[in-house]
Number of protein chains: 2
Amino acid sequence: MKDVAAAAGVGLKTVSRVVNGESGVTDGTAERVREAIEALGFRRNDSARLLRTGRTASVALVLEDISDPFSSALSRAVEQVAAAEGCLLFTGSSGEQADRERELALAFCARRVDGLIVVPAGDDHRYLLPEIASGTPVVFLDRPAGGIDADAVLSDNAGGARRGTEHLIAHGHRRIGFIGDLRAIHTAAERERGYRAAMAGAGLPVDDRWVDCGPTDRARVGEAVRRLTTGPDAVTALFTANNRVTLAALHHLPAERRPAVVGFDDLELADLLTPGLTVVAQDPAALGALAARRLFARLAGDVGAPACLEVPTTLIPRGSGEIRP
Amino acid sequence: MKDVAAAAGVGLKTVSRVVNGESGVTDGTAERVREAIEALGFRRNDSARLLRTGRTASVALVLEDISDPFSSALSRAVEQVAAAEGCLLFTGSSGEQADRERELALAFCARRVDGLIVVPAGDDHRYLLPEIASGTPVVFLDRPAGGIDADAVLSDNAGGARRGTEHLIAHGHRRIGFIGDLRAIHTAAERERGYRAAMAGAGLPVDDRWVDCGPTDRARVGEAVRRLTTGPDAVTALFTANNRVTLAALHHLPAERRPAVVGFDDLELADLLTPGLTVVAQDPAALGALAARRLFARLAGDVGAPACLEVPTTLIPRGSGEIRP
DNA sequence: CGCCTGCTGGACAACGTTGTCAAAGCGGGT
DNA sequence: ACCCGCTTTGACAACGTTGTCCAGCAGGCG
């Protein structure tokens with residue numbers, strides 16, 4: 001910019017004015033400046049600009065794994081709201097590791113992003129207190145914050161799981177298995193709670209051997225499926241508590257004599273399977289958009305008490321959940 | 001930092017030294033500084049730091065749509081390489097619109113990202129010449145750059161499509177339909193080329209009515225499917241040239257009397273369909289990682305001539321492509 | 001005792017931009 | 001001729017860091 005000013009024979013501030021389309025520059029001068037800009041291939045350095053103005057016009061999203069369809073749908077929704085607000089978006093994947101989540105979140109804060117959306121991996125977010133105190137709004141997405149009072153946008157996990165389980169019960173099942181994620185993960189615990197609530201609501205006992213929680217790799221889920229669906233005590237239906245579990249379970253279920261299955265999270269080809277896969281679908285687009293709007297409301301000066309917003313889920317019957325025992 | 005210096009009763013530079021772990025500070029002084037930092041909740045402003053040092057330790061990825069599984073897999077791969085290099089990642093979706101791609105790319109450059117990876121939406125990238133000239137390396141991913149000579153990392157689109165089509169021919173098909181994306185998209189054109197090469201290689205004619213290119217929304221693909229698979233001239237097999245087309249086509253194909261299908265791009269549940277979906281799979285993780293590594297090689301000073309790297313595709317037979325006419 | 005060396009610490013400029021403010025130029029009214 | 005008000009313009013500080021450079025001080029050596 002200094003060079004442009006020198007080339008056009010004007011002051012620094014005049015160039016700044018032209019670049020920003022401010023008024024108070026004669027057409028002739030502006031024209032000369034524009035020529036100099038063109039000749040020198042000048043592009044304004046937004047980093048410096050934003051250092052001066054105090055806003056970075058960027059927000060950051062820490063999620064579990066951007067390659068997961070649920071995460072990437074969240075990301076897209078956040079991006080759209082951010083774009084409408086003229087903000088660019090940083091994304092980072094925690095890989096479900098609390099320290100990586102923390103590292104990413106703090107790195108973004110050190111960059112002075114205007115706001116931060118976090119899909120928690122850890123369960124203690126007090127490390128963000130100084131950042132929040134210094135004015136960076138933080139919204140938690142998909143799972144609530146741990147140890148601090150902050151905005152959160154969540155799916156109705158318990159309600160959805162309850163509804164899905166009740167659907168199986170309504171179709172005559174009494175022995176229903178639950179295969180979930182690690183209990184330390186809030187959504188996983190909530191879904192188990194919903195499953196148990198449905199069973200209790202129908203006056204059905206839950207054998208502890210029917211409930212299998214753990215990491216969502218195929219081997220472990222396969223083992224759980226084998227254990228739950230064989231032997232004299234085999235369950236007649238399965239509730240699989242997230243998309244990875246559902247996927248893994250489907251791969252391990254025998255094609256013939258398959259138990260009824262209801263999965264949490266929709267899958268892209270779910271309706272083309274035989275039978276179609278009955279799911280409790282979340283609405284990641286709504287979740288992401290809601291979180292982003294909340295963030296920008298905070299940025300716009302909303303100082304109300306932190307709130308926890310809940311997004312409903314939808315049961316989509318497609319066949320696999322309607323199989324009778 | 002000024003406040004910290006005042007609180008600790010030391011100079012500005014001493015604080016900077018402590019924060020960056022530089023040598024030349026006595027333990028006592030360092031301790032006092034650390035206490036002041038703690039007391040004031042100071043966090044270094046990386047934006048300012050990076051303005052001073054000239055590197056932003058961030059790279060940007062412009063892709064088609066982060067919510068598409070292919071895009072998000074690319075993103076994850078790029079992110080991993082970037083993280084290993086200590087870089088944060090900006091992502092932005094062009095939505096297949098050239099001007100949005102340009103807008104995003106230039107916004108990232110204005111932020112002075114250290115490097116840029118672009119999945120092109122447009123076909124003219126001369127607008128990036130000033131940025132490249134000023135030292136920002138740009139790598140094109142999935143599709144080549146238009147109008148400029150730059151690094152690119154591509155899938156073997158033509159080869160993969162040829163292989164998939166030959167697979168259908170080998171299973172006895174003579175009348176094979178091709179449903180693709182807009183011809184303006186490089187990958188779409190390449191895949192059509194591969195299809196035609198396979199047909200020509202086998203001495204088979206291609207009726208122009210068998211080839212249907214256009215937007216990948218379900219309605220248009222459904223119409224194409226209907227047209228190609230009915231009537232006395234119906235094809236006996238379909239090559240669907242990307243994941244969205246495949247998905248839409250599967251939704252519109254009659255379950256009974258379904259033609260043979262080979263799709264370009266793998267789908268998550270492809271192996272659980274009946275029959276399993278035969279695909280030509282790309283390797284988005286390899287594509288993304290390769291592009292990112294190329295970018296960082298450039299950043300590390302590699303000044304070799306721009307190169308176009310090609311990643312092979314894999315034919316995965318699962319049943320739908322082995323159906324005989 | 002003087003000089004050199006090594007270490008610690010701080011003053012200052014610089015990165016590239018924008019906000020503030022004052023000066024210069026100009027036209028018009030008295 | 002003078003003053004007023006308005007527009008255009010530029011000098012300068014500031015944003016929060018880091019790089020450069022120099023001062024001060026203690027200790028070792030000739």
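Residue numbers begin at 1 in each chain, while the letters A, B, ... track the order of the sequences. Everything numeric in this text was worked out from a predicted model, so none of it was measured.
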Presence of B:Arg49 side-chain N/O under 4.0 Å of D:dG16 phosphate oxygens OP1/OP2: no
Any side-chain heavy-atom pair of A:Phe70 and A:Leu287 under 4.5 Å: yes
Mutual orientation of the aromatic rings belonging to B:Phe90 and A:Phe90 [parallel < 30°, tilted 30-60°, perpendicular > 60°]: parallel
B:Ser47 (side chain) donor-acceptor with A:Arg111 (main chain) under 3.5 angstrom: yes
Distance-only polar pair, side chains of B:Ser67 and A:Arg76, donor-acceptor under 3.5 Å: no
Using nucleotides 12-14 of chain C, report all nitrogen or oxygen pairs with the protein that are shorter than 3.5 Å.
{"from": "C:dA14", "atom 1": "N3", "to": "B:Arg52", "atom 2": "NE", "distance (Å)": "2.8"}

5' priority, DNA chain C, between B:Gly11 and B:Arg112 [closest heavy atom]: B:Gly11
B:Glu79 versus A:Thr91, side-chain donor and acceptor atoms under 3.5 Å: no
Integer-rounded Å distance: D:dG16 P and B:Leu51 CG: 12 Å
Rounded (10°) bend between the five-pair end axes of the helix from C:dC1-D:dG30 to C:dT30-D:dA1: 70°
For DNA chain C, the residues among residues 14-44 of chain A that have a non-hydrogen atom under 4.0 Å from it: A:Ser16, A:Asn20, A:Phe42, A:Arg43, A:Arg44
Between C:dC15 (C1') and A:Asn45 (CG): distance, integer Å: 9 Å
Under 3.5 Å: donor-acceptor pair, side chain of B:Arg143, backbone of B:Pro120: yes
